Protein chains: 2
Amino acid sequence: MRLASWFLEHPHQIISLSALGSDLGAAKASLSEDIAIIDTALRASGTGWLETVAGQTGGVRFHVLQEAAQVHAFIQRLCTLLADPQRLLPGGYLYLSDLLGDPAFVRQASRIFAARFDQAGAQAVVTMETKGIPLAMSVGFFLGIPVVIVRHEDRVSEGTTVSVNYVSGSTGRLQTMRLARRLLPSGTAVLLIDDFLRGGGTMRGLLDLLREFDADVRGLGVLVETQQPEQKLVSDYVSLARITTVDGTALSAQPGRDYLASVPAPALSLSSLKEQI
Amino acid sequence: MRLASWFLEHPHQIISLSALGSDLGAAKASLSEDIAIIDTALRASGTGWLETVAGQTGGVRFHVLQEAAQVHAFIQRLCTLLADPQRLLPGGYLYLSDLLGDPAFVRQASRIFAARFDQAGAQAVVTMETKGIPLAMSVGFFLGIPVVIVRHEDRVSEGTTVSVNYVSGSTGRLQTMRLARRLLPSGTAVLLIDDFLRGGGTMRGLLDLLREFDADVRGLGVLVETQQPEQKLVSDYVSLARITTVDGTALSAQPGRDYLASVPAPALSLSSLKEQI
């Protein structure tokens, strides 16, 4: 059980078989058997799967997984939660603070993003303060990568910052977003995660900002998008739900787009495990 | 293993033994034995412990735990990370964005807060945007309670908001913090979690704001405090590290205060378990 809980606590991190033996006290004789048992149990419960990584820096790595049935159940629950007319705020905004402040909800939503972008090779998650942060941190945890938060203002100097102006589709106002150079090395492969997408002005601003860092954008994910406007400033994004306002007051919510992980988890390679022992 | 991973994924949530049997497919005959084995393994690895909750709404609940040796090792690592003169920013601020954007680091730090405040009976975690959010979300996850984020500005109306003015000790400027009424029911027991404490102006402002919500403050926790000023506007807080600036440039960091959980985890009650089956 100690071995299994280590994997659950350290998603996407490669651990060598010798470290599993020395640091976690796993019995060397039964190590490949133990790993196979954990892999089977993880897959059976729809929690995730183990990967054997060959070579000098190789070992075993835990990936989160979301079975389609689990994902659909969560999306249905999300749509029900969203279809509450009390969520509609003045200016076409949506009240999401209760959901984004619920750690268990955030964890489930971010598992879907993590499974969806598992093979994207991202080295960092980028988000815009404030409400995207909980989702981004949780996606970063499941993918084993750091999170970089783009700020609205320059409250405190963090050294050289890059800033871009953008028009928030919701307010129509010109705003500024900033990111300190030291927070994101040039050429980093990134995922963009945010809570809400309407016109795409903020997301477009983030893409403009990231170009200044030569970032390689591997994926965009938002919790909720709006049906209107249909023409958004970004394409090829993942959303978990899409909302429609009816008569400017009532809400209806449908499942979003492209959120199911398409890559099946490859089977555990026992031969590769045995070579490493 | 399925049982164990459920507990790890749902800290502080009471699950009835019948739900363990029906939803998770645990064998009823060996249920109390299985739970005792998991409890032993959790304690042995310093991960946590299981509690039996008696009564109609009773069941079993997983609490996170941090052994003193693990805590000390983490605090030492934190002090080493903090004692980097490059962290010193103009105006006496500290560069912490790399640490607060590292999900694994945040998870370890927040486990210490969660273990420390495990018995505080808090119903919500309150934090101030932006940098406190990752820590607060993770503490909320481990304590199974929601997180409420206090905002600097009223970007979007979330209905009636309460605001207070406060003087940030760092900038000396008068600022405003706001919280929507609907986010925090009156009389809620709360924990305050933030990243940085200097004079305590922000924390004092949060306490003033929370008084308007009749909140019952059960604890204050900050990642890093500064040695100067020694007289802070708040007392009785937990900090993980304390930094001193020497000659205005170099940094030294010592362990903070009061961060070790003092309540020993009570042993699992097998008789209570058997009564519930």
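All values below were derived from every heavy atom in this structure, side-chain atoms included, with hydrogens, water molecules and symmetry-related copies excluded. Below, read A as the first sequence line, B as the second, and so on, with proteins coming before strands; counting in each chain starts at 1. Please read these numbers as outputs of a predicted model, since none were measured by experiment.
Contact annotation for B:R107: only side-chain heavy atoms (C-beta onward) come within less than 4.5 Å of a heavy atom of chain A. Using a 4.5 Å cut-off between heavy atoms, A:V106 contacts chain B through its side chain alone, with no backbone atom that close. For B:I38, the parts lying under 4.5 angstrom from a heavy atom of chain A are both the backbone and the side chain. Residue A:I37 does not touch chain B at all, counting heavy-atom pairs closer than 4.5 Å. When heavy atoms are compared at a cutoff of 4.5 Å, A:Y95 approaches chain B solely by way of its side chain, counted from C-beta outward. Using a 4.5 Å cut-off between heavy atoms, B:L183 contacts chain A through both its backbone and its side chain. Neither the backbone nor the side chain of A:Q108 has a heavy atom closer than 4.5 Å to any heavy atom of chain B.
Of all heavy-atom pairs spanning A:P146 and B:P103, the tightest one is CA-CD, 3.9 Å.
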Item to check | Verdict with reasoning, A:R111 to B:E9, per side chain to side chain contact (heavy atoms under 4.5 Å, CB included) | outcome: CA-CA 12 Å; A:R111 280 186 78 96; B:E9 280 287 322; 4.1 Å; yes

Item to check | Worked verdict on A:R151 versus B:K131 for side chain to side chain contact (heavy atoms under 4.5 Å, CB included) | outcome: CA-CA 10 Å; A:R151 311 290 297 263; B:K131 288 197 216 152; 3.5 Å; yes

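Among the candidates B:G144, B:S97, B:G140, the residue making the largest number of heavy-atom pairs closer than 4.5 Å to chain A is B:S97.
A 6.0 Å sphere centred on CD of B:E33 holds no more than 12 heavy atoms belonging to other residues, nucleotides or ligands.
With rounding to the nearest 0.5 angstrom, the CE atom of A:M137 is 10.0 Å from the CE atom of B:M137. Going from atom CZ of B:F141 over to atom OG of A:S138 covers 8.5 Å, rounded to the nearest 0.5 Å.
Side-chain contact between B:P134 and A:I133 is present, with heavy atoms from C-beta onward closer than 4.5 Å.
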